[in-house]
Amino acid sequence: MSSASSPADPRNRGYFGPFGGRFVAETLVPALEELERAYREIFPSESFQREWRGLLADYVGRPTPLTRGERMRVLLDPSGERLSALFYKREDLCHTGAHKINNAIGQVLLAKRMGKARIIAETGAGQHGVATATACAFFGLPCEVYMGELDVARQAPNVARMKMLGAKVIAVSSGSRTLKDAMNEAMRDWVTNVATTYYCVGSAAGPHPYPSLVRDLQRVIGEEARAQLLSVTGRLPDAVVACVGGGSNAIGIFAPFVDDAGVALFGVEAGGLGVETDKHAATLTKGRIGVLHGAKSYVLCDDDGQIIEPHSISAGLDYPGVGPEHAELMRSGRATYLSATDDEALAAVKQVAEREGILLALETAHSVAALPRVLDALMAAGRSKAIVVVNFSGRGDKDLGTLMERLQPESASSGEGGAS
Ligand SMILES: *Cc1c(COP(=O)(O)O)cnc(C)c1O
């Protein structure tokens, strides 16, 4: 949001080092304060935690498995000298096919406990819209999803899914008609209807307290992975790897490992056609420090501060910003951010499908594509026989159109699912 700015007191939890905060119009401050109170008081309460954990188990399908990936391990390092074990945290097996439901079900439950009667959300590829529409259907709350006009056209299957779930999809025709414009419109709606409406943000981005709230709703991924790995191998991993769009699945799996100094953390951004071109979504790798959607972080912008439209083959990584906690993890050196290109991600989808029997989302495939670079970094740091955990953020059914078009052009049909 580019309007007025009133940063939160840096002594508050809204800052991660110099990043984060609350750069929003004055009219939104009371709503964010109300949400912050709910985050501090309702969210940790025993009654909220019991209901939310119960839903994660009985509705989302948690805990998700930790799967050993032996055939990919052999492909990456036949000798086992560099990589002794590879594990996948299976968020692709969550209800609706990705980690996003962990966040949506938690936020909509919070909204219900706050007495809100209406839920709004923004969506790019439609995955967060589907997750929010799912949670709203479950709780019986009306749901309106803002989506850029361009995305409505290129993500038709998810638009149909949201409608089937009873949500109203509002096509946004301003700006570049994509995710950032949908987010601006959702904020505008929220300013107008703040008393009755809850804004369900889809990633660990946005003004305080969203980055902290979303992290805490996704950290269940890392909590489970840490306990599962300890029970299988008896030790912590050498590295945890996740793809980064806005940063929610990555911060969710990183969070419980941040204090374990021996565990290296790797985030993988979308390198699109290459980070040396202007067609990518590698915000941390190539962006600049700036303010987008209410928080200070890295953004993709030109010399005049205009947001550059990002590009990625995976619609879920196609965001010109990134959550502020990742900006701080990069600044402090605690986490390392790499990128993988469209072509590398496509190749990784094929490898994992053929070698493990798992059809990955294109977003997730970026983290697998970066594994050779992750291993190089671990070896350079003096590790050997590493144990690596990759977060499988989602499944690839939604990407079949793109996959057919790009990997098997001769057999592509003009059916549903094409991403562009
Ligand atoms: C949306 C999405 C992402 C990217 O979002 P984050 O907030 O960075 O996690 C990654 N993987 C899948 C499968 C997604 O749907």
Original post:
Is there a side-chain contact between Pro207 and Met187 (heavy atoms, below 4.5 Å)?
Top reply: yes
Subject >> Asn391 (side chain) donor-acceptor with Ile253 (main chain) under 3.5 angstrom >> reply: no
Original post:
Between Arg215 and Ala204, is there a donor-acceptor pair closer than 3.5 Å when you use the side chain of the first and the backbone of the second?
Top reply: no
Original post:
Any side-chain heavy-atom pair from Asp151 and Thr123 closer than 4.5 angstrom?
Top reply: no
Subject >> Close side-chain approach of Val389 to Leu66, heavy-atom, < 4.5 Å >> reply: yes
Subject >> Point-to-point distance, once rounded to the nearest 0.5 Å, from OG of Ser339 to CZ of Arg373 >> reply: 6.5 Å
Original post:
Between Ser312 and Leu317, which heavy-atom pair has the shortest distance, and what is it?
Top reply: OG-CB, 4.2 Å
**OP:** Let me know which of Gln228, Arg90, Lys89 forms a side-chain hydrogen bond (donor to acceptor under 3.5 Å, both in side chains) with Thr67.
**Re:** Arg90
**OP:** State, without any angle test, whether Asn249 and Glu363 hold a side-chain donor-acceptor pair at a distance under 3.5 Å.
**Re:** no
Original post:
Side chains of His128 and Ser203: is there a donor and an acceptor less than 3.5 Å apart?
Top reply: no
Original post:
Does Arg355 reach the main-chain N or O of Glu70 with its side chain, forming a donor-acceptor pair under 3.5 Å?
Top reply: no
Original post:
Testing Leu141, Val108, Leu110 for side-chain contact (heavy atoms from CB on, under 4.5 Å) with Tyr198, which one passes?
Top reply: Leu110
**OP:** Answer yes or no: is there an ion pair linking Asp343 with Arg406, defined by an N-O contact shorter than 4.0 Å?
**Re:** yes
Original post:
Can you check whether Leu292 reaches Ser297 side chain to side chain, under 4.5 Å on heavy atoms?
Top reply: no
Original post:
Under the 3.5 angstrom rule, does the side chain of Asp399 hit a backbone N or O of Ala361 as a donor-acceptor pair?
Top reply: no
**OP:** List in chain and number order the residues that pass side chain to side chain contact (heavy atoms under 4.5 Å, CB included) with Thr283, two or more places apart in sequence or in another chain; answer none if no residue qualifies.
**Re:** Glu269, Tyr298, Leu300, Val322
**OP:** Kindly write out the residues that satisfy side chain to side chain donor-acceptor pair (under 3.5 Å) with Arg53, not counting sequence neighbours, or none if the list is empty.
**Re:** Gln49
Original post:
Partners of Ser393 by side chain to side chain donor-acceptor pair (under 3.5 Å), sequence neighbours excluded?
Top reply: Thr364
Subject >> Leu55 and Val60: CA distance, side-chain angles, deciding distance, side-chain contact (heavy atoms from CB on, under 4.5 Å) verdict >> reply: CA-CA 6 Å; Leu55 290 170; Val60 174; 5.8 Å; no
Subject >> Distance, nearest 0.5 Å, that separates NZ of Lys385 from CZ of Arg82 >> reply: 13.0 Å
Original post:
Are any of the side-chain nitrogens in Arg62 or Glu223 under 4.0 Å away from the carboxylate oxygens of its partner?
Top reply: no
Original post:
Side chains of Ser174 and Asn184: does their closest heavy-atom pair fall under 4.5 Å?
Top reply: no
Subject >> Separation of Leu359 CG from Lys398 NZ (nearest 0.5 Å) >> reply: 9.5 Å
Original post:
For Lys180, does the NZ atom have more than 12 heavy-atom neighbours from other residues, nucleotides or ligands under 6.0 Å away?
Top reply: yes
Original post:
Between Arg288 and Asp303, is there a side-chain N and carboxylate O pair less than 4.0 Å apart?
Top reply: yes
Subject >> Contacts of Thr134 that satisfy side chain to side chain donor-acceptor pair (under 3.5 Å) - sequence neighbours left out >> reply: none
Original post:
Hey, does the side chain of Asp238 reach the backbone of Ile387 with a donor-acceptor pair shorter than 3.5 angstrom?
Top reply: yes
Subject >> Note, Asp216 side chain near Tyr39 side chain (heavy atom, < 4.5 Å) >> reply: yes
Original post:
With sequence neighbours excluded, what pairs up with Glu356 under the salt bridge (charged side-chain N to carboxylate O under 4.0 Å, His left out) test?
Top reply: none
**OP:** With sequence neighbours excluded, tell me which residues meet side chain to side chain contact (heavy atoms under 4.5 Å, CB included) with Ser384.
**Re:** none
Only distances under 3.5 Å count here; give the side-chain donor-acceptor pairs of residues 162-170 to other protein atoms, sequence neighbours excluded, each with its distance to 0.1 Å.
none

**OP:** Measure the OH-CG distance between Tyr210 and Leu213 for me, rounded to the nearest 0.5 Å.
**Re:** 8.0 Å
Subject >> Pairwise side-chain contact, Lys286 with Ile308, heavy-atom cut-off 4.5 Å (strictly under) >> reply: no
Original post:
Which pairs with one or both residues in residues 141-170 pass ring-ring contact (aromatic ring centres under 6.0 Å, His included), sequence neighbours excluded?
Top reply: none
Original post:
Among all residues two or more places apart in sequence or in another chain, which pass the salt bridge (charged side-chain N to carboxylate O under 4.0 Å, His left out) test with Arg71?
Top reply: none
Original post:
If you look at every heavy atom in Gly246 and His326, which pair is closest and at what distance?
Top reply: O-CD2, 4.3 Å
Original post:
With distance as the sole test, does Glu224 use its side chain to make a donor-acceptor pair with the main-chain N or O of Thr64 at under 3.5 Å?
Top reply: yes
**OP:** Using only heavy-atom distances, determine whether the side chains of His293 and Tyr319 contain a donor-acceptor pair under 3.5 Å.
**Re:** yes
Original post:
Side chains of Asn103 and Gln218: do they bring a donor and an acceptor to under 3.5 Å?
Top reply: no
Original post:
Hey, what do you get for CZ (Arg161) to OG1 (Thr96), rounding to the nearest 0.5 Å?
Top reply: 10.0 Å
Original post:
Tell me, do Ile289 and Phe19 make a side-chain contact under 4.5 Å, heavy atoms counted?
Top reply: yes
Original post:
Is the side chain of Gln107 donor-acceptor paired with the backbone N or O of Val201 at a distance under 3.5 Å, no angle test?
Top reply: yes
Original post:
Which pairs pass side chain to side chain donor-acceptor pair (under 3.5 Å) with one or both residues in residues 251-262, sequence neighbours excluded?
Top reply: Arg226-Asp260
Subject >> Any donor-acceptor N/O pair, Arg73 side chain to Ala85 backbone, under 3.5 Å >> reply: no
Original post:
Side chains of Tyr199 and Glu122: donor-acceptor distance under 3.5 Å anywhere?
Top reply: yes
**OP:** Test Asp342 against every option in His280, His311, His366 by the side-chain hydrogen bond (donor to acceptor under 3.5 Å, both in side chains) rule and name the one that passes.
**Re:** His311
Subject >> All side chain to side chain donor-acceptor pair (under 3.5 Å) counterparts of Lys279, not counting sequence neighbours >> reply: none
Subject >> For Tyr59, all residues meeting ring-ring contact (aromatic ring centres under 6.0 Å, His included), sequence neighbours excluded >> reply: His95, Phe138
**OP:** To the nearest 0.5 Å, tell me how far Phe43 CZ sits from Met114 CE.
**Re:** 13.5 Å
